[in-house]
Amino acid sequence: MGHIIYLDHAATTRTAPEVAEAMLPYFTEYYGNPSSIYSLGSAAKKAVMEAREEIAATLGAKTNEIYFTGGGSEADNWALIATAEAYAGKGKHIITSKIEHHAVLHTCAYLEKRGYEVTYLDVGENGIVDPEDVRRAIRPDTILVSVMFANNEIGTIQPVREIGAVAKEQGVLFHTDAVQAYAHMPINVDEMNIDMLSASGHKFNGPKGTGFLYIRTGIKTRSFLHGGQQERGRRAGTENVPGIVGLGKAVRLAFSNMEEHAGKERKLRDYLIQRIEKEIPHCRLNGDRERRLGNNVNFSFRFVEGESLLIMLDMKGICASSGSACTSGSLDPSHVLLAIGLPHETAHGSLRLTVGFGNTMEEMDCVVEALKEIVEKLRAMSPLYEDFIKKQK
Ligand SMILES: *Cc1c(COP(=O)(O)O)cnc(C)c1O
């Protein structure tokens with residue numbers, strides 16, 4: 001492959017070489033089962049314990065409140081399904097938002113089929129949930145509020161602390177899908193009133209298929225996988241030791257350079273936004289300008305098809321993502337873009353660029369130039385654009 005400009009860090013990130021290196025010995029040297037008594041096993045057990053301690057410390061949590069999972073989707077499934085089951089005696093009502101990741105939305109749909117009732121809160125056109133809407137939605141039979149920390153498409157950061165405070169005041173549990181936020185910004189579960197939190201390793205230069213669920217002490221939960229006694233009997237299966245070691249290493253790297261990384265990303269993001277807004281007509285920035293992830297750029301370009309845009313960017317070696325058919329095979333535009341009020345046509349012409357470790361200013365210049373050329377080319381082929389220009393004259 002030639003030079004790739006990778007601008008899809010919200011989808012996944014490159015595993016840091018230090019992470020891969022830290023993992024290797026746990027495949028070939030310390031391959032013992034952490035549950036075994038002999039020292040080969042205890043070496044693995046110790047590594048798992050250290051990763052758990054490391055992660056707990058970053059959240060202000062206790063070590064035994066961290067449960068390793070096979071990624072963010074599993075953590076979301078666990079948080080919702082196990083809580084729903086454990087608290088069914090209190091009620092069967094769950095509150096979430098319309099802009100959640102499918103790992104939450106499709107789990108809610110699953111629960112609805114099993115007799116639970118779900119309220120999907122609207123968001124404003126800036127893509128932010130109003131904590132007062134959460135308050136209004138809470139009923140005596142509400143058992144859980146699940147609102148994401150930061151949105152994966154438009155990058156909006158939710159008022160998590162305030163939503164958590166409302167839930168706490170009403171005696172309702174609060175879960176947040178923090179997959180896009182964890183290890184990118186500081187999070188404290190006590191200060192932010194978070195009862196459960198999902199995170200995923202591959203969104204911050206860790207290995208794919210790794211992640212964790214934080215569950216506050218005292219919360220009732222159910223075993224998510226049945227079998228052995230791993231993860232305090234709640235998630236059976238021999239630990240993914242190399243993955244957990246890699247996850248711990250990625251956490252260490254992310255937290256030791258957090259401010260520097262975030263600063264660099266914001267600079268690239270702001271430069272992209274500024275140039276695109278200035279140099280490409282008929283575009284619109286999606287999501288809140290201020291309360292947004294430091295790495296997220298999301299634009300809609302009128303008279304352009306997101307899919308075509310992606311294909312033409314790919315021909316230039318640029319990896320990006322669009323708000324249409326993001327789950328490939330589907331022709332529906334993104335539920336997030338529809339939730340912030342974009343008409344179908346506009347949502348279809350959306351592009352997400354998410355910067356990350358290793359991106360440079362030169363790459364941003366390349367991308368803007370490519371984008372200008374491609375948008376112009378695609379518009380030249382659009383009959384709608386032709387009509388629009390005629391009417392303007
Ligand atoms: C990527 C992502 C997930 C899923 O995480 P996996 O580790 O890929 O299962 C869940 N929620 C959000 C917000 C995400 O961005």
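Everything numeric here is computed off the predicted structure, so don't read it as measured data. Read the numbers this way: they start at 1 and go in the same order the structure lists the ligands and their atoms.
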Between E54 and R252 (salt bridge meaning N to carboxylate O under 4.0 Å), is one present in this structure?
yes

Just distances here: any N/O of A103 and N/O of ligand 1 closer than 3.5 Å?
no

Would you call E386 and R379 a salt bridge, using N to O less than 4.0 angstrom?
no

At under 4.0 Å between heavy atoms, which part of K203 makes contact with ligand 1: side chain, backbone, both or neither?
side chain

Hey, does T210 come in under 3.5 Å of ligand 1, counting only N/O atoms on both sides?
no

What part of E74, side chain from CB on, backbone N/CA/C/O, both or neither, has a heavy atom under 4.0 Å from ligand 1?
neither

Decide whether an N or O pair under 3.5 Å exists between Q180 and ligand 1.
yes

I'd like to know if K372 and E279 make a salt bridge, using a cut-off of under 4.0 Å between side-chain N and carboxylate O.
yes

Nearest non-hydrogen protein atom to atom 6 (P) of ligand 1, with distance, is G72 N, 3.5 Å

Between Y271 and D365, do the side chains contain an N or O donor and an N or O acceptor separated by less than 3.5 Å?
yes

Distance to 0.1 Å, residue and atom name: give those for the protein heavy atom nearest to atom 11 (N) of ligand 1.
D177 OD2, 2.7 Å

Report yes or no: do Q274 and D270 form a side-chain donor-acceptor pair below 3.5 Å?
no

How far apart are the closest heavy atoms of I95 and H93, and which atoms are they?
CG1-CE1, 3.6 Å

Should you measure from each heavy atom of G71, which atoms of ligand 1 turn up under 4.0 Å away?
7 (O)

To which protein heavy atom is atom 4 (C) of ligand 1 closest, and what is the distance rounded to 0.1 Å?
S73 OG, 3.5 Å

For atom 8 (O) of ligand 1, find the nearest protein heavy atom and state the residue, atom name and distance (0.1 Å precision).
H202 NE2, 2.9 Å

Would you mind checking if R302 and E345 are paired as a salt bridge, meaning a charged N to carboxylate O distance below 4.0 Å?
no

Numbered atoms of ligand 1 (with element) below 4.0 Å of M148, judged on heavy atoms:
13 (C)

What is the nearest protein non-hydrogen atom to atom 7 (O) of ligand 1, stated with its residue, atom name and distance?
S200 OG, 2.6 Å

Salt-bridge contact E259-R266 (side-chain N to carboxylate O under 4.0 Å)
no

